[in-house]
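Quick notes on the structure that follows.
In what follows, chains carry the letters A, B, and so on, assigned in the order in which the sequence lines appear, proteins first and then strands, with residues in each chain numbered from 1.
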Amino acid sequence: MLAAAHMLDLRLIRERTEWVKEQLAKVGCPGEDVDAVTAVDARRRTLFQKVEALRARRSEISRQIPKLSAEERETRKEEVRKLAAELAALEAELAQVEQDLESKLLLLPNLPDPSVPVGRDERDNQIVRTVGEPLKPSFEPKPHWELGPALGIIDFERGVKIAGSRFYILQGWGARLQRGLITWMLDVHTKEHGYVEIYPPYLVKRDCLVGAGQLPRFADNIYHDVEDDLWLIGTAEIPLTNLHRDEILDGSRLPISYVAYTACFRREKMSAGRDVRGIKRGHQFDKVEMYKLTAPEDSSAALEQIVADAEDIARRLGLAYRVVLICTGDLGAVAAKKYDLEVWAPGCAEWLEVSSCSNCTDYQARRSNIRFRRAPGSKPEFVHTLNGSGLALPRIMIALLETYQQPDGSVVIPEVLQPYVGTDRIGPPR
RNA sequence: GGAGAGGUGGCCGAGAGGUCGAAGGCGCACGCCUGCUAAGCGUGUGUAGGGCUAAAACUCUACCGAGGGUUCGAAUCCCUCCCUCUCCGCCA
């Protein structure tokens, strides 16, 4: 039998092939990929029915054998032996076809939500709203890669010495600022936004990557321990998705909201040579991640809520930000709809993506087999899953340092953070 | 890492080659009874896929940690792996 793990509903693909092709074309998936699936699926179905019929005959005869006379028994045994040989050949073929189907199915991206603007790439993304004024200081603002070392809170050279490019050291108030931010964000999400805090493993099994939709597509961006086949998470979304893998949840428990602080690890092979300066894009970074499991009819509203929860963090930190609706061409394989949250960093003069909030609908739930029952006795249905950063640490730190830098080179700590960081100002080392 | 024990339905727990998808219990659902609470009685209660249906009923296939093997036939026998528990060692 075909494993439950498939990304799109096979029945949907079978019965509404043309519609599915239209939808997937919007996210850049060629129609041939869909046709390939339906072709293999058709073959699988005929094979499967043959196999089932043979199995039924086999067990029927076997069941009679004990009631028969000795000689009759032998002829029947012989009959089943032949039948079994035939069956074995068909079963082997079926197994191969199923594997083929599964691998083709796993490569199909999610169906985009109808409200997502159709577009070719990130240039077609839509700015939904901008909150706060991008700061234009009266003096020449410095980028964080100058501020950090000058304040003695970021050490790039030693990071490279220890671990290579794209690694850095946070030191003193820098480390303290990050730790304070983490604790503060977790406190806001757990105490005010209703999330349950989770501390997950950073190393996960291969299945988890498939379940979350990272594999088989993005293997080369993930650190992988070969000896034990464990994979370093690129985001907490991966372990959080797999928390309820192969479970049937009680519908009354939904929605479930989790928040997890984790380190994240990415090879960044695709962005070689980009953003090499500063702490914007490292191989290791910290992130607070929000995650929701909802009933299908509630996921649209839940996405807006996650965005609102992410915005709340940026707003309270006094940072200017904008919310961007990602177009179909920039959506990726997993999300049906996605918003990015970008904060303004005056030093490097760019909008930094500090959060990416996605409604993955039932895509991950199918792959991970996460279902729920509306009421005792009713059919299990797939949940919808959502995730959003709340927020990514290095980029928030960039925005804070660059936004709150003073003409004398010191950095003022926003009031909400002061109890968590333990100072109202970070000055140059004496 | 070493030695031993074990992995069965939502849970507990039988099962030891032939209608076993799996006794029994708990839990749960529905119904009955009972004029409070509690108890009692009855029925039902896995997932996925296929056939037949208007829909059911009905029926077929797969699943008793995973993967192989033996057999006409495996939850039951054999092999490999994974996981859990106990003891020892080691360690944050």
Side-chain angles (χ1 to χ4, degrees), chain A residues 1-15 37-38 40-102 104-106 199-211 225-231 239 242-254 256 263 293 362 365-383:
Chain A
M1 199 189 76
L2 192 65
H6 43 266
M7 62 171 314
L8 289 184
D9 187 353
L10 199 44
R11 195 171 294 167
L12 183 72
I13 298 173
R14 190 151 61 216
E15 288 166 8
V37 167
T38 55
V40 179
D41 175 50
R43 202 163 145 238
R44 181 189 143 263
R45 280 159 64 84
T46 53
L47 257 176
F48 189 68
Q49 285 175 8
K50 280 190 204 167
V51 166
E52 273 198 329
L54 280 181
R55 282 176 183 162
R57 272 205 64 202
R58 178 186 60 185
S59 51
E60 199 198 327
I61 299 172
S62 289
R63 240 174 300 155
Q64 290 168 351
I65 281 181
K67 302 173 194 155
L68 302 175
S69 64
E71 61 268 37
E72 238 176 332
R73 211 174 282 185
E74 280 314 309
T75 59
R76 286 306 200 174
K77 281 191 188 180
E78 190 48 39
E79 189 180 335
V80 176
R81 257 192 289 267
K82 279 186 199 144
L83 201 148
E86 192 184 341
L87 182 59
L90 278 179
E91 278 176 333
E93 195 183 346
L94 179 64
Q96 208 157 19
V97 169
E98 284 187 341
Q99 204 176 1
D100 187 27
L101 178 61
E102 178 131 350
K104 284 183 163 66
L105 219 35
L106 282 172
Y199 174 80
Y202 292 3
L203 286 162
V204 297
K205 298 180 194 175
R206 164 182 254 109
D207 292 349
C208 295
L209 279 300
V210 176
D225 165 56
V226 179
E227 187 173 352
D228 296 313
D229 196 25
L230 286 172
W231 302 65
N242 285 276
L243 225 50
H244 295 294
R245 182 152 53 118
D246 295 321
E247 290 181 23
I248 300 176
L249 302 166
D250 181 346
S252 65
R253 282 183 62 193
L254 300 179
I256 295 172
L293 300 98
D362 61 359
R366 284 178 187 283
R367 290 172 163 249
S368 308
N369 195 27
I370 310 166
R371 293 171 295 172
F372 76 105
R373 236 189 274 272
R374 288 181 189 276
S378 61
K379 275 257 172 223
E381 301 170 52
F382 289 109
V383 299

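- Contact annotation: the side chain of Pro201(A) never approaches that of Leu203(A) to less than 4.5 Å [non-hydrogen atoms, C-beta and beyond].
- Note on Arg373(A): every side-chain N or O is 4.0 Å or more away from OP1 and OP2 of A29(B).
- Distance Asp228(A) CG to C81(B) P: 16 Å, rounded to the nearest Å.
- Taking atom C1' in both C20(B) and G15(B), one finds a spacing of 9 Å when rounded to whole Å.
- A gap of 29 Å separates the P atoms of G10(B) and C32(B), to the nearest Å.
- Rounding to the nearest 0.5 angstrom, the gap separating the CD atom in Glu60(A) from the CD1 atom in Ile65(A) is 11.5 Å.
- Rounded to the nearest Å, the gap between the C1' atom of G6(B) and that of A92(B) is 30 Å.
- Between the CZ atom of Phe372(A) and the P atom of G46(B) there is a distance of 20 Å, rounded to whole Å.
- When the options Asp225(A), Asp207(A), Leu209(A) are evaluated for a side-chain contact (heavy atoms from CB on, under 4.5 Å) with Trp231(A), the one that passes is Leu209(A).
- We find that CZ of Arg55(A) is positioned 16 Å from P of G49(B), with the value rounded to whole Å.
- Pair check for U45(B) finds G27(B); Watson-Crick or G-U wobble, both atom distances under 3.5 Å.
- Atoms NZ (Lys205(A)) and C1' (A66(B)) sit 11 Å apart, rounded to a whole Å.
- Residue Ile65(A) is classed as a base contact, given a heavy-atom separation below 4.0 Å to a base.
- Nearer the 5' end of RNA chain B, as judged by each residue's closest nucleotide, is the contact made by Lys379(A), out of Lys379(A) and Ala53(A).
- An OP1 or OP2 oxygen of U61(B) is reached within less than 4.0 angstrom by a side-chain nitrogen or oxygen of Ser59(A).
- Distance CZ (Arg81(A)) to P (U71(B)): 8 Å, rounded to an integer number of Å.
- In this structure, CD of Glu381(A) is placed 11 Å from P of A48(B), rounded to the nearest angstrom.
- Here the P atom of nucleotide G73(B) and the CG atom of Leu68(A) are 15 Å apart, to the nearest Å.
- The residue Arg57(A) sits apart from the nucleic acid: no heavy atom pair falls under 4.0 Å.
- Of the P atoms belonging to A16(B) and C88(B), the separation is 36 Å, rounded to the nearest Å.
- One can place CZ of Arg58(A) at 13 Å from P of U71(B), the figure rounded to the nearest angstrom.
- With C60(B), G73(B), U47(B) as the candidates, the nucleotide lying closest to the side chain of Ala56(A) is C60(B).
- A 3.5 Å limit on both hydrogen-bonding distances identifies no Watson-Crick or G-U partner for G21(B).
- A66(B) and C72(B) are spaced 25 Å apart, taking the P atom of each and rounding to whole Å.
- Of the two residues contacting RNA chain B, namely Glu60(A) and Ser378(A), the nearest-nucleotide position lying further toward the 5' end is that of Ser378(A).
- When Watson-Crick and G-U wobble pairs are counted only if both distances are under 3.5 Å, U76(B) pairs with no nucleotide at all.
- In the interface, the side chain of Glu52(A) is paired with the base of G49(B) through a donor and an acceptor atom under 3.5 Å apart.
- Remark: Arg45(A) fails to qualify as a cation-pi partner of Phe48(A) under the 6.0 Å distance and 45° angle criteria applied to the six-membered ring.
- A salt bridge links Glu91(A) to Arg55(A): at least one charged side-chain nitrogen sits closer than 4.0 Å to a carboxylate oxygen.
- Base pairing analysis places U37(B) opposite nothing; no Watson-Crick or G-U wobble pair with both distances below 3.5 Å involves it.
- Using the Watson-Crick or G-U wobble rule with both distances under 3.5 Å, A92(B) pairs with nothing in any strand shown.
- If you check C85(B) for Watson-Crick or wobble pairing at under 3.5 angstrom, you find it paired to G4(B).
- Straight-line distance between the C1' atoms of C41(B) and U34(B): roughly 11 Å, to the nearest whole Å.
- Spacing between U70(B) and U76(B) at atom P, rounded to whole Å, works out to 15 Å.
- Side-chain contact between Leu254(A) and Leu249(A): present, with at least one pair of heavy atoms (C-beta onward) separated by less than 4.5 Å.
- Contacts of Arg73(A) with the nucleic acid, taken as non-hydrogen atoms under 4.0 Å apart, are absent.
- One P atom belongs to G44(B), the other to G25(B), and the distance between them is 13 Å to the nearest Å.
- Between the side chains of Ser69(A) and Glu72(A), at least one donor N or O lies within less than 3.5 Å of an accepting N or O.
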